[in-house]
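Chain identifiers are assigned alphabetically (A, B, ...) following the order of the sequence lines, protein sequences preceding nucleic acid strands; residue numbering begins at 1 within each chain.
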Number of protein chains: 2
Amino acid sequence: MGATVGRQSTEMLKGVLEGIVLTLLSTRPAYGYEITARLRDQGFTDLAEGTVYALLIRIEQRGLVDVEKVPSEKGPPRKVFTLNARGREDLTEFWRTWSFLTERLDQLREDGA
Amino acid sequence: MGATVGRQSTEMLKGVLEGIVLTLLSTRPAYGYEITARLRDQGFTDLAEGTVYALLIRIEQRGLVDVEKVPSEKGPPRKVFTLNARGREDLTEFWRTWSFLTERLDQLREDGA
DNA sequence: TACCACTACACAGTAACGCTGAGTACCGGA
DNA sequence: TCCGGTACTCAGCGTTACTGTGTAGTGGTA
């Protein structure tokens, strides 16, 4: 991530990245290339393209998104992903787990160190 | 985690659990069984014993902790882990990555949804 | 004495996920 | 004609948490 890529960042992204993408999709539909670009702009500079596409395939197979092929003026057709009801449930679940973790860590940060 | 174990929680723990354990060790030395018990008390009710021991072996092999065998009155000898200088560096790095993630997610939470 | 619960750790095998690296294909401009 | 930007796919790898099992020491109890 940024200049500091490190083993840690990669491991910590696991599961979180899915929540991030679902959150992005909750604002409006998007396609892979666009999502990758947006995330890189927002600080995930070293995010691999393949990682995003693989993630999108996973959430599609789990039925969290609806997919539509849309022609592009600039290249091959785009696969536009739209968050559906199942996806919104999953997203709620994500935020619940995320809140749990932040609470635990905030507390640890106070006690320890 | 808690009643809802789920795939998500498991994936989100990756990398984070190491930071949690290092933070615990930054307050005082501890041994595996104790760490597992403390984490379970603090809400990680479904945390597997094997997970913690495997993690401890990893951070020992990376040289983040010093290890000492201490006899126990209640069972086999304990392996007491103490955070060393390298471990404290790693912990700092962890908090840096964690802060980055929380900032990104806080912002997403505002914009999206 | 035999058994059981609790303490304490180790280890092999599995699933999930992000990364690497390569490939395919379409478009426009130099 | 070739190059860069757009857009997606895929095989293979490393890391991590989980599952399940095994080993072993202690104390209590029937």
Spacing between [X] atom [atom1] and [N] atom [atom2], to the nearest angstrom:
X: Y53(B); N: dG20(D); atom1: OH; atom2: P; answer: 18 Å
X: E60(A); N: dC10(D); atom1: CD; atom2: P; answer: 11 Å
X: L56(A); N: dC19(C); atom1: CG; atom2: C1'; answer: 16 Å
X: I57(A); N: dA11(D); atom1: CD1; atom2: C1'; answer: 12 Å
X: K79(B); N: dG25(D); atom1: NZ; atom2: P; answer: 17 Å
X: K69(B); N: dG25(D); atom1: NZ; atom2: C1'; answer: 12 Å

Item to complete: Please name all residues satisfying side chain to side chain donor-acceptor pair (under 3.5 Å) with Y53(B), sequence neighbours left out, ordered by chain then number.
Response: none

Worksheet item: Axis-to-axis angle across the helix from dT1(C)-dA30(D) to dA30(C)-dT1(D), five pairs an end, to 10 degrees?
Response: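 The helix from dT1(C)-dA30(D) to dA30(C)-dT1(D) shows an end-to-end axis angle of 20°.
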
Worksheet item: Which residues pass the side-chain contact (heavy atoms from CB on, under 4.5 Å) test with K14(B), sequence neighbours left out?
Response: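 K14(B): side-chain contact (heavy atoms from CB on, under 4.5 Å) contacts with E11(A), K14(A), E11(B).
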
Worksheet entry | Residues which pass side-chain contact (heavy atoms from CB on, under 4.5 Å) with P76(B), listed by chain and number, not counting sequence neighbours |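 Once residues adjacent in sequence are excluded, P76(B) has no partner under the side-chain contact (heavy atoms from CB on, under 4.5 Å) criterion.
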
Discussion item. Under a 3.5 Å threshold, yes or no: a donor from one side chain and an acceptor from the other, between Q107(A) and R104(A)?
Written reply: yes

Worksheet item: Can you list every pair that meets salt bridge (Lys or Arg N to Asp or Glu O under 4.0 Å) and has a residue in residues 69-89 of chain B, with sequence neighbours left out?
Response: E60(B)-K79(B)

Discussion item. I need the full list of salt bridge (Lys or Arg N to Asp or Glu O under 4.0 Å) pairs touching residues 18-40 of chain A, with sequence neighbours left out, sorted by first then second residue.
Written reply: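 Every pair satisfying salt bridge (Lys or Arg N to Asp or Glu O under 4.0 Å) with a residue in residues 18-40 of chain A: E18(A)-R62(A), E18(A)-R7(B), E34(A)-R38(A).
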
Worksheet item: Any idea which heavy atoms bring F44(A) and L101(B) closest together, and the distance?
Response: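 Minimum heavy-atom separation between F44(A) and L101(B): CE2-CD2, 4.0 Å.
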
Worksheet entry | Side-chain donor or acceptor of E68(A) paired with backbone N/O of T82(A) under 3.5 Å |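 Between the backbone of T82(A) and the side chain of E68(A) there is no qualifying donor-acceptor contact (under 3.5 Å).
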
Would you say that [X] contacts [Y] through its side chain, given a criterion of any heavy-atom pair below 4.5 Å between the two side chains?
X: L24(A); Y: L39(A); result: yes
X: L55(B); Y: T51(B); result: no
X: F94(B); Y: L105(A); result: yes

Please write out each protein N/O paired with an N/O of nucleotides 15-18 of chain D under 3.5 Å, distance rounded to 0.1 Å.
{"residue": "dT15(D)", "atom": "O2", "partner": "K14(A)", "partner atom": "NZ", "Å": "3.1"}
{"residue": "dT16(D)", "atom": "OP1", "partner": "R7(A)", "partner atom": "NH1", "Å": "3.3"}
{"residue": "dT16(D)", "atom": "OP1", "partner": "R62(B)", "partner atom": "NH2", "Å": "2.8"}
{"residue": "dT16(D)", "atom": "OP2", "partner": "R58(B)", "partner atom": "NE", "Å": "3.4"}
{"residue": "dT16(D)", "atom": "OP2", "partner": "R62(B)", "partner atom": "NH2", "Å": "3.2"}
{"residue": "dT16(D)", "atom": "O4'", "partner": "E11(A)", "partner atom": "OE1", "Å": "3.4"}
{"residue": "dT16(D)", "atom": "O2", "partner": "K14(B)", "partner atom": "NZ", "Å": "2.8"}
{"residue": "dA17(D)", "atom": "OP1", "partner": "L13(B)", "partner atom": "O", "Å": "3.4"}
{"residue": "dA17(D)", "atom": "OP1", "partner": "G15(B)", "partner atom": "N", "Å": "3.3"}
{"residue": "dA17(D)", "atom": "OP2", "partner": "R58(B)", "partner atom": "NH2", "Å": "2.3"}
{"residue": "dC18(D)", "atom": "OP2", "partner": "T51(B)", "partner atom": "OG1", "Å": "2.5"}

Worksheet item: Tell me, for nucleotides 22-30 of chain C in 5' to 3' order, what letter each nucleotide earns: B for a base near a protein heavy atom under 4.0 Å, S for only sugar-phosphate near one, - for neither?
Response: ---BBS---

Fill in: Member of V65(A), I20(A), N84(A), L64(A) meeting the side chain to side chain contact (heavy atoms under 4.5 Å, CB included) criterion with L25(A)
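Answer to the side chain to side chain contact (heavy atoms under 4.5 Å, CB included) test with L25(A) among V65(A), I20(A), N84(A), L64(A): V65(A).
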
Worksheet item: To the nearest 0.5 Å, what is the distance between CG (L91(A)) and CH2 (W98(A))?
Response: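 These two atoms lie 13.5 Å from each other.
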
Worksheet item: Quick one, which residues of residues 28-41 of chain A touch DNA chain C with a heavy atom under 4.0 Å?
Response: none

